[in-house]
Structure formats: structure tokens, C-alpha cells
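Every heavy atom of this structure was used, including side-chain atoms; hydrogens, water molecules and symmetry mates were not. Position 1 is the first residue of the sequence, and the numbers go up from there.
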Amino acid sequence: MTSVDVAEFIEPALERGDCEHTAILLQSVEALPPVLVSFYRMGASRNGWLVHGSLPGEGDRDRERMTTAGLDVGELESSGRMAVIELDLTVSPDEWVRPWSVLLEEKLGSGFDAMWFARFPIGPISADVDGVLPFEAAWMSCFRGRRVVTLCPYIVGEMVEDQRTRNHDVVAQVHDQVHDAQ
């Protein structure tokens, strides 16, 4: 498993004052927990409100994975600095993003400097990637110019080069940058 330090590719955008919407391409689902730990530690060090979006029914498992990888999820949640939220995937992209906008303003008003959001991984199936793109576009439209740092993991695994290139290209259309952690 390759170790990824998200500061290498997120820090330059933050230094420019940009709120960042980054996709990260990973070899496997097993590579994700250390990446999330790096991301959330960076967010915590910058007074971020940390949010992890889980698939329905997977919140406790995601907490366990991140804790095993070295993030004290229990302490972060009990102190109000982190939320692990099981996402409602049955609504439209615009309906999905609307409550996040309200939560952002509430958390900024309570003293946090930004929201740091990451979610469950998508892929490697192209149909899965295509299905999430309208949600990614709605997210980017809603939060452009606001204090949000987002990390969107995509699993590219053992894809053939043509499929991998295709998925990279479509993901790049709705993200500020795509980092290949291969």
C-alpha cells in the first residue's frame, strides 16, 4: 500500500487561498483509510470541521477503518470537530447539496474556518463514475468560492488504460485537480 500525503497536492491550492475540490485516484479501497487520515489531520490542524460521507449502513465501518489507520474518530466526533454522515443517495444532486450549504454556514458561524469533506470511494466501474458526476458538479457549483476543501476518492485498480484515461478525463471535468496516487 502506498502512503499518500495529501498536503503535497492540496497545500498549494490552500496557499493561493482557493477552496479545493480534488479527486484522488487510488489503486484499491484498502489504500483509502491512510489517505483519509492524512486529509482529516490536515483539516483538523487548520481548524476545519471534518465531515466523512459514508454509504448508507457503512458509517460505523468507516469509523473503524479510519480509527485503525490512526485517526481518533471517537474523540473528534465527541468534541464536535467531526461528523461521519451516511449520505442519502436517493435525492437529486441539487437536493443533496442544499443541506450541506446550510451546515457550512452554521459551522463557520460556530468558529470553524472551513469544512473538510471526503466520502466513500467510487469505481472502478465507469457507470459508477458517471452516476456520481452530477452530484460532483452540483457540489462544485454550490461551494465554488466558499470555505470548503473536498477530497473525492476514485478506485482505478486494475483498469485497462483506455478505461482509466476515460474515467480520469470525465472526473477532471468536475474537479479542480485530479491526483493520481498510483
Side-chain angles (χ1 to χ4, degrees), residues 4-29 31-32 35-36 38-40 42-43 46 48-56 58 62 83-105 107-108 114-157 159-182:
V4 175
D5 179 6
V6 299
E8 294 174 12
F9 52 92
I10 291 180
E11 187 70 39
L14 297 176
E15 292 298 320
R16 289 188 308 269
D18 296 343
C19 285
E20 190 62 25
H21 188 210
T22 299
I24 185 167
L25 307 180
L26 301 168
Q27 184 67 26
S28 68
V29 173
L32 182 57
V35 171
L36 293 175
S38 177
F39 178 74
Y40 289 130
M42 185 177 183
R46 293 173 166 269
W49 177 52
L50 315 175
V51 182
H52 182 74
S54 296
L55 287 169
E58 290 290 315
D62 285 346
V84 177
I85 299 173
E86 294 183 9
L87 302 176
D88 181 358
L89 305 176
T90 64
V91 297
S92 74
D94 289 333
E95 291 172 303
W96 182 79
V97 78
R98 195 171 303 124
W100 292 105
S101 183
V102 173
L103 278 172
L104 172 64
E105 295 310 316
K107 293 301 181 176
L108 292 176
M115 175 171 61
W116 288 63
F117 177 89
R119 60 156 168 73
F120 60 90
I122 301 294
I125 301 167
S126 291
D128 294 342
V129 173
D130 292 345
V132 77
L133 294 179
F135 291 88
E136 297 279 21
W139 183 271
M140 200 165 186
S141 175
C142 180
F143 293 114
R144 175 64 57 219
R146 297 171 76 189
R147 293 183 293 177
V148 178
V149 181
T150 308
L151 184 68
C152 303
Y154 291 85
I155 306 303
V156 294
M159 292 179 160
V160 296
E161 191 59 33
D162 287 349
Q163 182 185 26
R164 184 179 167 150
T165 299
R166 178 252 182 227
N167 282 358
H168 177 282
D169 292 348
V170 297
V171 165
Q173 293 174 17
V174 292
H175 290 86
D176 295 317
Q177 67 174 318
V178 178
H179 179 75
D180 193 339
Q182 297 296 303

(message) The criterion is side-chain hydrogen bond (donor to acceptor under 3.5 Å, both in side chains); which residues satisfy it with Asp130, sequence neighbours excluded?
(response) Arg166

(message) Test of understanding: with ring pair (Phe, Tyr, Trp, His ring centres under 6.0 Å), list the residues that count as partners of His175, not counting sequence neighbours.
(response) His21, Tyr154

(request) Drop me the distance from Leu108's CG to Arg147's CZ, to the nearest 0.5 angstrom. (result) 4.5 Å

Exercise answer: donor-acceptor pairs, residues 96-103 side-chain atoms, under 3.5 Å, sequence neighbours excluded:
{"from": "Ser101", "atom 1": "OG", "to": "Arg146", "atom 2": "NH1", "distance (Å)": "2.9"}
{"from": "Ser101", "atom 1": "OG", "to": "Arg146", "atom 2": "NH2", "distance (Å)": "3.1"}

(request) Using side-chain hydrogen bond (donor to acceptor under 3.5 Å, both in side chains) as the criterion, list what pairs up with Gln27, not counting sequence neighbours. (result) Glu158

(request) With side-chain contact (heavy atoms from CB on, under 4.5 Å) as the test, would you mind laying out the steps for Phe9 and Glu20 before giving the verdict? (result) CA-CA 10 Å; Phe9 52 92; Glu20 190 62 25; over 6 Å; no

(message) Test of understanding: with side-chain contact (heavy atoms from CB on, under 4.5 Å), list the residues that count as partners of Asp169, not counting sequence neighbours.
(response) Thr165

(request) Nearest 0.5 Å please: distance from the CG atom of Leu50 over to the NZ atom of Lys107. (result) 10.5 Å

(message) Test of understanding: with side-chain contact (heavy atoms from CB on, under 4.5 Å), list the residues that count as partners of Pro121, not counting sequence neighbours.
(response) Val29, Leu32, Pro153, Ile155

(request) With sequence neighbours excluded, give me every salt bridge (Lys or Arg N to Asp or Glu O under 4.0 Å) pair touching residues 171-182. (result) Arg144-Asp176, Arg164-Asp180

(message) According to side-chain hydrogen bond (donor to acceptor under 3.5 Å, both in side chains), who are the partners of Glu86, at least two apart in sequence or on a separate chain?
(response) none

(request) Start with the C-alpha gap between Asn167 and Val156, add the side-chain angles, then the distance that decides, and say whether side-chain contact (heavy atoms from CB on, under 4.5 Å) holds. (result) CA-CA 8 Å; Asn167 282 358; Val156 294; 5.6 Å; no

(message) Could you work out, with ring pair (Phe, Tyr, Trp, His ring centres under 6.0 Å) as the rule, every residue matching Phe143, not counting sequence neighbours?
(response) Trp139

(message) One pair to check against side-chain contact (heavy atoms from CB on, under 4.5 Å): Phe120 and Leu87. What are the steps and the verdict?
(response) CA-CA 10 Å; Phe120 60 90; Leu87 302 176; 3.8 Å; yes

(request) Given side-chain contact (heavy atoms from CB on, under 4.5 Å), test Thr22 with Val6 step by step and report yes or no. (result) CA-CA 10 Å; Thr22 299; Val6 299; over 6 Å; no

(message) Please enumerate all residues that pass side-chain contact (heavy atoms from CB on, under 4.5 Å) together with Ala137, with sequence neighbours excluded.
(response) Val174

(message) Holding to side-chain hydrogen bond (donor to acceptor under 3.5 Å, both in side chains), I want the full list of residues that pass it with Glu11, two or more places apart in sequence or in another chain.
(response) Arg46

(message) Could you work out, with side-chain contact (heavy atoms from CB on, under 4.5 Å) as the rule, every residue matching Ser141, not counting sequence neighbours?
(response) none

